[in-house]
Visitor: 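This is the structure I want to talk about, given as structure tokens.
This one's a predicted model, so the numbers in the text were calculated from it and none came from an experiment. Heavy-atom basis, side chains included; hydrogens, waters and symmetry copies ignored.
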Amino acid sequence: MPDANAAVLLDVDGTLVDSNYLHVLAWARSFAEHGIRDVPMAAIHHCIGMGSSELLETLIGSAREDVNDGHSRHFAPLREEIGLLPGARDLLFALSQRGFRVVLATSAKPEDLDALRRTLDADAVIDHITSSKDVAAAKPAPDLFAVAHQAAGLPPERCIAVGDTVWDVRSANGAGVACVCVTTGGISESELRSAGAAAVYSGADQLLARLDESPIGELLRT
């Protein structure tokens, strides 16, 4: 891990890779096969970014293991359709080149993490990865970003998060970490700002283009 005094803690799904709607489809198929037909896909989409248990508790009132397993089964063949979002890999390399520690903080299931890493193809500049297996409570609980800034070896005020959902903002802010957002996950700028996002960009490519003037760039100047 490089000798740095600032870190960027990045969500992956919807932030760096285009996978949110694939997760919606996998959840919808699992609900349907278990006879759960009163959950609109729009409601599922709004909960993407939460941990699986938290999503199920919110949508159907119970963290049913059979439904969770169904999501995993339906998502498995969709992994090959995960696409890299514009500017995502370049953003990771730019952060590393500027001296940031780069930490991925994702609610992804362990079996999906390898597919995300293959899509990113940026292991050379990723200093650490924290995922759902590392915490007792996933997003929107603060645990994931708390573990991420600890993995970076830095206090929360020397870190900044990047995410795409209100759950990322709440999780990061709960850990004392400011959060900037992108709208590539399908959540509007107004909703992200209302949740407490420090800044909102259309995607990783726009964030990269404005990196030095963004809250991330400001962190290096303080």
Visitor: Considering only residues two or more places apart or on different chains, which pairs with a residue in residues 116-126 satisfy side chain to side chain donor-acceptor pair (under 3.5 Å)?
Guide: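 For residues 116-126, and leaving out neighbouring residues, the side chain to side chain donor-acceptor pair (under 3.5 Å) pairs sorted by first residue read Arg117-Asp123.
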
Visitor: How about Thr106 and Leu113: do any of their side-chain heavy atoms sit closer than 4.5 Å?
Guide: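 Heavy-atom side-chain distance check passes, below 4.5 Å.
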
Visitor: Below 4.5 Å, heavy atoms only, C-beta onward: do Trp27 and Ile48 meet side chain to side chain?
Guide: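 Yes, side chains in contact.
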
Visitor: Could you go step by step and tell me if Val12 and Leu120 meet the side-chain contact (heavy atoms from CB on, under 4.5 Å) rule?
Guide: CA-CA 9 Å; Val12 181; Leu120 289 172; 4.2 Å; yes

Visitor: Is there a side-chain contact between Leu84 and Leu16 (heavy atoms, below 4.5 Å)?
Guide: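 They are not in side-chain contact.
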
Visitor: Between Arg64 and Asp69, is a salt bridge (Lys or Arg N to Asp or Glu O under 4.0 Å) present by the stated rule, with each step listed?
Guide: CA-CA 9 Å; Arg64 286 177 50 177; Asp69 289 345; over 6 Å; no

Visitor: Using only heavy-atom distances, determine whether the side chains of Asp164 and Thr184 contain a donor-acceptor pair under 3.5 Å.
Guide: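 No, Thr184 and Asp164 have no side-chain donor paired with an acceptor closer than 3.5 Å.
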
Visitor: When you compare the side chain of Arg158 with that of Arg101, does any pair of heavy atoms fall below 4.5 Å?
Guide: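 Not touching, per the 4.5 Å side-chain cut-off.
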
Visitor: Can you list, pair by pair, the side-chain donor-acceptor contacts under 3.5 Å of residues 55-62, counting residues two or more places apart and other chains?
Guide:
residue: Thr58; atom: OG1; partner: Glu54; partner atom: O; Å: 2.9

Visitor: Any carboxylate oxygen within less than 4.0 angstrom of a Lys/Arg side-chain nitrogen, looking at Asp114 and Arg79?
Guide: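 A salt bridge is absent here (no side-chain N lies under 4.0 Å from a carboxylate O).
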
Visitor: Looking at Arg98 and Leu211, would you say the former's side chain and the latter's main chain have a donor-acceptor pair under 3.5 Å?
Guide: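 No: the side chain of Arg98 does not pair with the backbone of Leu211.
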
Visitor: With side-chain contact (heavy atoms from CB on, under 4.5 Å) as the criterion, how do Asp127 and Phe100 come out once you've worked through the C-alpha distance, each side chain's angles and the decisive distance to 0.1 Å?
Guide: CA-CA 10 Å; Asp127 297 298; Phe100 285 101; over 6 Å; no

Visitor: To the nearest 0.5 Å, tell me how far Phe31 CZ sits from Met41 CE.
Guide: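 Answer for the CZ-CE pair, Phe31 versus Met41, is 10.5 Å.
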
Visitor: Going by atom types only, do His45 and His23 share a side-chain donor-acceptor pair under 3.5 Å?
Guide: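 Not at all, the side chains of His45 and His23 share no donor-acceptor pair under 3.5 Å.
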
Visitor: Quick one: closest heavy-atom pair of Ser30 and Val67, and the distance?
Guide: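 In this case the closest contact between Ser30 and Val67 is OG-O, 2.7 Å.
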
Visitor: Could you walk me through whether Asp13 and Leu116 pass side-chain contact (heavy atoms from CB on, under 4.5 Å), step by step?
Guide: CA-CA 8 Å; Asp13 287 295; Leu116 299 179; 3.8 Å; yes

Visitor: Are any of the side-chain heavy atoms of Ser214 and Tyr201 separated by less than 4.5 Å?
Guide: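 Counting from C-beta outward, Ser214 and Tyr201 do come under 4.5 Å.
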
Visitor: Hydrophobic clustering (ILVMFWY, side-chain heavy atoms < 4.5 Å, transitive) - are Tyr21 and Val166 grouped together?
Guide: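 Different clusters.
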
Visitor: Closest approach of Gly14 and Ser19, non-hydrogen atoms and distance?
Guide: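 Looks like N-OG, 3.9 Å.
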
Visitor: Can you confirm whether Arg193 sits close enough to Val200 that some side-chain heavy atom of one is under 4.5 Å from a side-chain heavy atom of the other?
Guide: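 In short, these two side chains touch, coming nearer than 4.5 Å.
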
Visitor: Of the non-hydrogen atoms in Ala26 and His71, which two are nearest, and what is the gap between them?
Guide: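 So the minimum-distance heavy-atom pair works out to CB-CD2, 3.6 Å.
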
Visitor: Which heavy atom in Ala105 sits nearest to a heavy atom in Phe145, and how many Å separate them?
Guide: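 In terms of heavy atoms, the two residues are closest at CB-CE2, 3.7 Å.
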
Visitor: Would Val177 and Val169 show up in the same hydrophobic cluster when neighbours are defined by side-chain heavy atoms closer than 4.5 Å?
Guide: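 No, Val177 and Val169 fall in different hydrophobic clusters.
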
Visitor: Quick one: do the Lys109 and Ser72 side chains pair a donor with an acceptor below 3.5 Å?
Guide: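 Result is yes, a qualifying pair exists.
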
Visitor: Quick one: hydrophobic cluster around Val147, which other residues, with the 4.5 Å side-chain cut-off, linked directly or via members?
Guide: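 The other cluster members (ILVMFWY side chains, heavy atoms under 4.5 Å, direct or chained) are Val135, Leu144.
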
Visitor: Checking Arg29 now: which residues fulfil side chain to side chain donor-acceptor pair (under 3.5 Å) with it, not counting sequence neighbours?
Guide: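 Applying side chain to side chain donor-acceptor pair (under 3.5 Å) to Arg29 gives none.
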
Visitor: Kindly give the heavy-atom pair with the smallest separation between Pro215 and Val180, and that separation in Å.
Guide: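 Closest approach of Pro215 to Val180, heavy atoms only: CG-CG1, 3.7 Å.
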
Visitor: Looking at Leu85, Asn20, Leu104, Val182, which one forms a side chain to side chain contact (heavy atoms under 4.5 Å, CB included) with Thr15?
Guide: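 Between Thr15 and the candidates, side chain to side chain contact (heavy atoms under 4.5 Å, CB included) is satisfied uniquely by Val182.
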
Visitor: Output every pair passing side chain to side chain donor-acceptor pair (under 3.5 Å) with a member in residues 167-176, not counting sequence neighbours, ordered by first then second residue.
Guide: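 Found Lys139-Asp168, Thr165-Asp168.
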
Visitor: Can you list everything that forms a side chain to side chain donor-acceptor pair (under 3.5 Å) with Glu157? Sequence neighbours excluded, please.
Guide: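 Applying side chain to side chain donor-acceptor pair (under 3.5 Å) to Glu157 gives none.
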
Visitor: Enter the distance from Arg210:CZ to Asp205:CG here, rounded to the nearest 0.5 Å.
Guide: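 One finds 10.5 Å between CZ of Arg210 and CG of Asp205.
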
Visitor: How long is the span from the CD atom in Gln206 to the OG1 atom in Thr183, to the nearest 0.5 Å?
Guide: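 So the CD of Gln206 and the OG1 of Thr183 are separated by 8.0 Å.
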
Visitor: For the backbone of Leu154 and the side chain of His149, can you confirm whether one donor and one acceptor N or O come within less than 3.5 Å of each other?
Guide: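 It does hold such a pair.
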
Visitor: Side-chain contact, heavy-atom cut-off 4.5 Å: Leu91 with Leu10?
Guide: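 Yes, side chains in contact.
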
Visitor: Does the side-chain contact (heavy atoms from CB on, under 4.5 Å) test come out yes or no for Leu25 and His74, once each step is laid out?
Guide: CA-CA 8 Å; Leu25 183 58; His74 287 292; over 6 Å; no

Visitor: Within this structure, what is the CG-NE2 distance for the pair Asp134 and His128, rounded to the nearest 0.5 Å?
Guide: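 So the CG of Asp134 and the NE2 of His128 are separated by 6.5 Å.
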
Visitor: Minimum heavy-atom separation for Met50 to Pro140, with atom names?
Guide: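 Scanning both residues completely, I find the closest heavy atoms to be CG-CD, 4.1 Å.
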
Visitor: Should Val162 and Asp11 count as side-chain neighbours, where that means a heavy-atom distance under 4.5 Å?
Guide: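 No, their side chains stay 4.5 Å or more apart.
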
Visitor: Can you tell me how far apart CG (Leu192) and OG (Ser194) are? Round to the nearest 0.5 Å.
Guide: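 Leu192 atom CG to Ser194 atom OG measures 8.5 Å (nearest 0.5 Å).
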
Visitor: Would you check if the side chain of Thr222 reaches a backbone N or O of Leu219 as a donor-acceptor pair within less than 3.5 Å?
Guide: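 Yes, Thr222 side chain to Leu219 backbone: donor-acceptor pair under 3.5 Å.
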
